[in-house]
2 protein chains.
Amino acid sequence: MIETPRPATRGPYRTGIERRAQLVAIAIEVFGQRGFAGSSLRTLAERADVSHATLIRHFGTKEGLLIAVLQEWERQSAEHDLADVSGLAYLRRLPDIMAGHRRNRGLLELFTTITAEASNPEHRAHAYVVQRYETNLRTFARHLQAAVDAGDVGALSPAQVALEARLLTAALDGIGLQWLLDPNVDMALATRTYLERAIASWRRVARPTA
Amino acid sequence: MIETPRPATRGPYRTGIERRAQLVAIAIEVFGQRGFAGSSLRTLAERADVSHATLIRHFGTKEGLLIAVLQEWERQSAEHDLADVSGLAYLRRLPDIMAGHRRNRGLLELFTTITAEASNPEHRAHAYVVQRYETNLRTFARHLQAAVDAGDVGALSPAQVALEARLLTAALDGIGLQWLLDPNVDMALATRTYLERAIASWRRVARPTA
DNA sequence: GTCTATACGCAGATAGAC
DNA sequence: GTCTATCTGCGTATAGAC
């Protein structure tokens with residue numbers, strides 16, 4: 001169930017804001033079920049009881065609607081994620097987060113597909129996806145750096161921290177993709193195996209000579 | 001430059017076979033440049049100086065053409081890959097193979113995009129992609145098992161070997177994706193870092209009590 | 001056997017009325 | 001703001017030319 005965020009109860013844009021949120025909610029549902037390419041603006045519009053021109057009016061293009069969907073989805077995810085933990089404790093929650101994707105197959109499929117498509121620099125969502133990856137890499141790097149600073153792992157250099165964030169992201173993406181292709185894949189197990197090996201390896205790096 | 005494989009110089013299907021190979025060669029080039037979704041049958045046909053109906057005649061559907069392209073690409077890749085090495089030596093060539101993708105950005109993009117799209121079970125190429133992954137996982141597992149049998153690494157169980165093949169595939173896919181998003185990513189370095197850590201970890205597993 | 005001409009329905013996008 | 005009407009281009013199907 002998706003609710004309108006902070007609905008303005010009055011004011012000149014009230015209708016527009018509510019309508020927009022409602023359209024995004026429907027798009028999340030339909031994209032999640034039928035994918036991006038498999039959903040036409042006309043189908044979306046029929047579900048929302050508007051014309052497909054209305055969707056274009058609100059979001060400019062179909063990709064504009066897609067980006068609105070991705071942003072709303074991230075906003076909702078971020079709420080569950082209000083980082084009460086950091087450092088290694090944060091990273092160790094990743095297996096559970098990956099397992100949680102099983103309840104949202106369509107959306108993982110959507111993210112995966114769009115990321116691949118938008119890797120082309122001419123794709124409309126390219127800038128969005130690149131920025132999203134940078135944010136994600138920075139988050140992982142920050143938590144790993146926190147572990148370094150706390151002495152939980154050895155003295156990794158900034159370049160090593162950045163590379164480890166990349167490798168972790170790569171593993172998570174690849175694991176998600178394999179689960180999409182074969183639902184028998186145990187995402188939590190694969191993630192945990194990767195992570196515990198990485199942590200053990202980081203711990204073998206020498207501590208700084210304090 | 002792509003050449004017709006074993007062109008029949010005579011016989012009833014000569015023209016058809018040559019034509020088909022030529023069409024696939026053009027499709028590899030155009031898909032590689034503009035992506036699958038970005039290439040229309042009419043554009044492809046114009047490049048080949050035939051009508052778009054001819055493409056349908058040869059490949060049935062646009063996805064049929066796609067699968068022909070993927071198979072031809074794999075066939076060509078396999079020629080460079082006629083496994084003169086096995087076991088750890090094979091796995092250690094992966095960084096170079098990944099680096100080699102830099103010369104074929106469009107095709108890596110194509111594989112990545114199609115794999116993501118076709119993760120949906122209703123996608124026309126789903127069966128092809130799933131089978132391709134199974135083959136790939138088996139290849140990695142076979143080489144790792146050879147390393148186990150040779151005593152180059154510890155006595156991993158069959159389940160562990162399978163999981164390691166999955167993790168390796170996941171890392172390679174994720175590394176490729178990140179390079180597509182950011183050409184500054186060093187694919188060979190990332191692959192080597194992953195691989196050497198994995199090998200070191202396998203070596204810490206106890207040898208069988210022979 | 002191989003290819004073209006042509007048509008159908010659906011897609012995303014735009015223009016202008018209300 | 002939303003509608004209807006319409007544009008262009010897509011994948012696909014078929015009939016028939018050579």
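Below, read A as the first sequence line, B as the second, and so on, with proteins coming before strands; counting in each chain starts at 1.
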- [ ] Identify whether any heavy atom of S51(A) sits under 4.0 Å from a base atom; if not, whether one sits that close to sugar-phosphate; answer base, sugar-phosphate or nothing.
- [x] base
Open item on the list: Short of 4.0 Å, heavy atom to strand atom, which residues of residues 54-63 of chain B count as contacting DNA chain C?
Closed with: T54(B), R57(B), H58(B)
TODO: Take the protein atom CG of L23(B) and the nucleotide atom C1' of dT2(C), then report the distance between them rounded to whole Å.
DONE: 12 Å
Task: Side chains of D173(A) and Y133(A), donor plus acceptor under 3.5 Å - done: yes
Task: N/O donor-acceptor pair, side chain H52(A) with base dA11(C), under 3.5 angstrom - done: no
TODO: Would you indicate which nucleotide in dG11(D), dA15(C), dG12(C) comes nearest to any side-chain atom of A53(A)?
DONE: dA15(C)
Open item on the list: Quick test of your reading of the model: are R34(A) and E109(A) salt-bridged, counting only N-O distances below 4.0 Å?
Closed with: no
TODO: Confirm from the modelled atom types if R42(B) and dG9(D) form a donor-acceptor pair under 3.5 Å, side chain to base only.
DONE: no
TODO: Answer yes or no: does a side-chain N or O of R19(B) lie under 4.0 Å from OP1 or OP2 of dC3(C)?
DONE: yes
Open item on the list: At less than 4.0 Å, is any side-chain N or O atom of R124(A) found next to OP1 or OP2 of dA13(C)? Yes or no.
Closed with: yes
- [ ] To the nearest 0.5 angstrom, please state how far the CG atom of L88(A) sits from the NE2 atom of H143(A).
- [x] 11.0 Å
- [ ] Look at the aromatic rings of F111(B) and W73(B) and report parallel, tilted or perpendicular, splitting at 30° and 60°.
- [x] tilted
- [ ] State whether R93(B) and D84(B) are salt-bridged, where the test is any N-O pair (Lys NZ or Arg NE/NH1/NH2 against Asp/Glu carboxylate O) under 4.0 Å.
- [x] yes
- [ ] Take the protein atom CG of L66(A) and the nucleotide atom C1' of dG12(C), then report the distance between them rounded to whole Å.
- [x] 14 Å
Open item on the list: Could you tell me how far apart L65(A) (CG) and dA13(C) (C1') are, to the nearest whole angstrom?
Closed with: 14 Å
Open item on the list: Nearest whole Å is fine: how far is dG1(D) P from E18(A) CD?
Closed with: 13 Å
Task: Spacing between L41(A) atom CG and dC7(D) atom C1', to the nearest angstrom - done: 16 Å
TODO: Measure the distance from CZ on R20(B) to P on dG1(C) and round it to the nearest whole Å.
DONE: 17 Å
- [ ] Could you tell me the separation between the CG atom of L44(A) and the P atom of dG12(C), rounded to a whole number of Å?
- [x] 9 Å
- [ ] Indicate whether the side chain of Q178(A) and that of D182(A) have a donor and an acceptor atom separated by less than 3.5 Å.
- [x] no
- [ ] Sort out for me which residue in L108(A), T115(A), I114(A) forms a side-chain contact (heavy atoms from CB on, under 4.5 Å) with T112(A).
- [x] L108(A)
